[in-house]
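These values consider heavy atoms only, across backbone and side chains, with no hydrogens, waters or symmetry-generated copies. This is a predicted model, so every value here is computed, not measured.
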Amino acid sequence: GADVTVKNLYFEKAYINSEEIVNENGDQMIYATGGFVGYATVLTITDCIMNGVIYGTSSTGGMVGEVNDTGIRSSGKSGLVMKNCYNFADINGANSLGGLVGQVKQSNYSNRYLQFENCHNNGDIKGYYNRIGGIAGSIDTSKETQYSFVKCSNEGDITAGYLCAGGIAGYITTFRSVKNHSQLSNSGNVTAGNSVGGIIGEAEADGGMNLSRSKIILTDAYNNGKIHSTSIRADTRYVGGIMGNSVVSDGNSKVEISNCFNAGKVTGLKSYAILGNNTLYSQLSNIYSATVSNSYYLSGSAAEASHVSG
């Protein structure tokens with residue numbers, strides 16, 4: 001629960017392998033693995049560089065494995081701020097892998113925050129399963145959490161064995177709140193079976209049982225990397241140059257994409273230059289639950305512009 005700050009730290013040719021730490025029965029003992037911090041509740045990292053190789057299982061990041069507010073009282077504070085951070089380390093694991101942080105999980109309380117500003121990844125990231133991203137693998141936050149990705153980029157190759165791979169984030173969700181993400185770019189190749197995007201693999205806007213408004217806004221994003229879905233099923237074709245899949249749970253919530261450009265080649269059974277798919281979980285949802293505006297793509301980069309349907 002302590003508020004920890006890491007700054008001006010540089011690791012060169014680091015080798016971290018939490019898979020090698022086992023008990024007498026051969027069971028792995030480490031859950032979250034990070035180049036600087038494995039597990040934290042309140043953490044600030046600024047002006048840091050990580051270089052080397054990292055092997056983990058779940059929740060593995062170039063600098064932070066996981067930030068989680070489990071065990072923190074509702075009045076307590078939990079959050080992550082990362083500014084001016086660069087990862088050059090290659091990362092290998094199973095679930096929730098990110099160039100800077102593997103996973104962030106926060107409950108439905110106040111005093112929760114999350115900020116990425118001027119953060120960049122150049123390392124290749126490969127996960128056997130789900131939620132793999134150039135900056136963050138998985139972000140699961142509450143209605144009170146204030147979070148954003150601003151001026152972040154990825155140049156490494158991102159690979160997920162199954163679902164949710166993105167140049168910036170593999171999976172993000174927001175619960176009964178509005179989140180803004182802007183000035184993001186990807187030039188790395190991104191590959192997964194489903195929910196594959198140049199910027200975000202999958203974004204979920206959840207209004208909750210009381211149908212409050214929830215909105216995810218993505219603006220001023222650019223992709224130049226090759227985006228590929230390995231799925232052989234026509235009903236799991238969620239691949240897009242900017243976002244693979246948007247998930248909207250109710251009629252009041254939205255995912256908005258604007259002022260984005262895709263120049264990267266998008267391939268799969270179905271390929272879309274901007275948004276791969278809009279998944280609607282409620283009958284109250286409608287075709288306007290995901291919108292794409294002022295967004296463009298290089299001719300020939302994909303078969304169609306976006307797939308937005310009810």
Side-chain angles (χ1 to χ4, degrees), residues 58-60 91-99 102-103 124-140 154 156-174 184 186 188-206 216 218 221 223 225-249 253 255 257 260 262 264-282 285 289-290 292 297 301-310:
S58 296
S59 296
T60 300
I91 301 169
N92 300 272
N95 291 300
S96 300
L97 313 181
Q103 179 166 231
D124 294 338
I125 305 174
K126 184 176 182 179
Y128 299 114
Y129 299 110
N130 309 318
R131 301 187 178 187
I132 317 298
I135 301 298
S138 178
I139 305 292
D140 189 353
N154 172 67
D157 290 344
I158 311 299
T159 305
Y162 290 94
L163 310 175
C164 300
I168 298 298
Y171 172 85
I172 64 172
T173 184
T174 182
L184 309 176
N186 172 66
N189 300 326
V190 184
T191 304
N194 194 7
S195 295
V196 197
I199 302 299
I200 298 173
E202 182 168 295
E204 180 175 358
D206 185 357
I216 294 175
L218 175 62
N223 173 63
K226 295 179 180 178
I227 314 302
H228 178 62
S229 168
T230 59
S231 174
I232 59 174
R233 294 176 51 185
D235 59 342
T236 56
R237 59 184 182 273
Y238 310 151
V239 52
I242 299 298
M243 182 183 295
N245 187 28
S246 69
V247 181
V248 180
S249 65
S253 297
V255 173
I257 301 172
C260 294
N262 176 64
K265 187 69 173 179
V266 183
T267 57
L269 288 180
K270 290 278 189 176
S271 61
Y272 298 91
I274 306 298
L275 173 61
N277 188 71
N278 179 34
T279 300
L280 310 175
Y281 280 160
S282 169
S285 299
S289 296
V292 177
Y297 61 98
S301 61
E304 299 181 52
S306 294
H307 182 252
V308 181
S309 69

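Rounding to the nearest 0.5 angstrom, the gap separating the CD1 atom in Ile172 from the CD1 atom in Ile139 is 8.0 Å. Atom CD1 in Ile242 sits 5.5 Å away from atom CG in Asn223 (nearest 0.5 Å). Rounded to the nearest 0.5 angstrom, Asn130 CG and Tyr171 OH are separated by 11.5 Å. The structure places CD1 of Ile199 at 8.0 Å from CD1 of Ile227, a figure rounded to the nearest 0.5 Å.
With sequence neighbours excluded, the residues forming a side-chain hydrogen bond (donor to acceptor under 3.5 Å, both in side chains) with Ser138 are Arg131, listed by chain and number. For Ala273, the side-chain contact (heavy atoms from CB on, under 4.5 Å) test picks out Asn262, Tyr297, Ser301, Ala302, with sequence neighbours left out. Contacts of Thr230 classified as side-chain hydrogen bond (donor to acceptor under 3.5 Å, both in side chains), with partners at least two apart in sequence or in another chain: none.
Contact of the Ser195 side chain with the Cys164 side chain is registered, since non-hydrogen atoms from C-beta on lie closer than 4.5 Å. Looking at Asn194 and Asn245, their side chains never come closer than 4.5 Å, going by heavy atoms from C-beta outward. Considering only heavy atoms from C-beta on, Glu202 comes within 4.5 Å of Val247 through its side chain. Looking at heavy atoms from C-beta onward, Leu275 lies out of side-chain contact with Val255 at the 4.5 angstrom threshold.
Partner of Val239 under the side chain to side chain contact (heavy atoms under 4.5 Å, CB included) criterion, out of Val190, Thr191, Val266: Val266 alone. Each of Leu97, Asn189, Ile132, Ile91 was scored for a side chain to side chain contact (heavy atoms under 4.5 Å, CB included) with Ile158, with one residue passing: Ile132.
Contact record, Val292 with Ile274: CG1-CG2, 3.7 Å, taken as the closest heavy-atom pair. Residues Met243 and Leu218 come closest through the heavy atom pair CE-CD2, 4.1 Å. Tyr128 approaches Tyr162 most closely through the heavy-atom pair O-CD1, 3.5 Å. Residues Ser246 and Asn278 come closest through the heavy atom pair OG-OD1, 2.8 Å.
Judged by distance alone, with hydrogens and angles left aside, the side-chain atoms of Asp124 form a donor-acceptor pair with the main-chain N or O of Asp157 at under 3.5 Å. Panel note: side chain Asn154, backbone Ile168; no donor-acceptor pair is recorded below 3.5 Å.
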His228/Thr267 under side-chain hydrogen bond (donor to acceptor under 3.5 Å, both in side chains): CA gap, chis, key distance, verdict: CA-CA 5 Å; His228 178 62; Thr267 57; 2.7 Å; yes
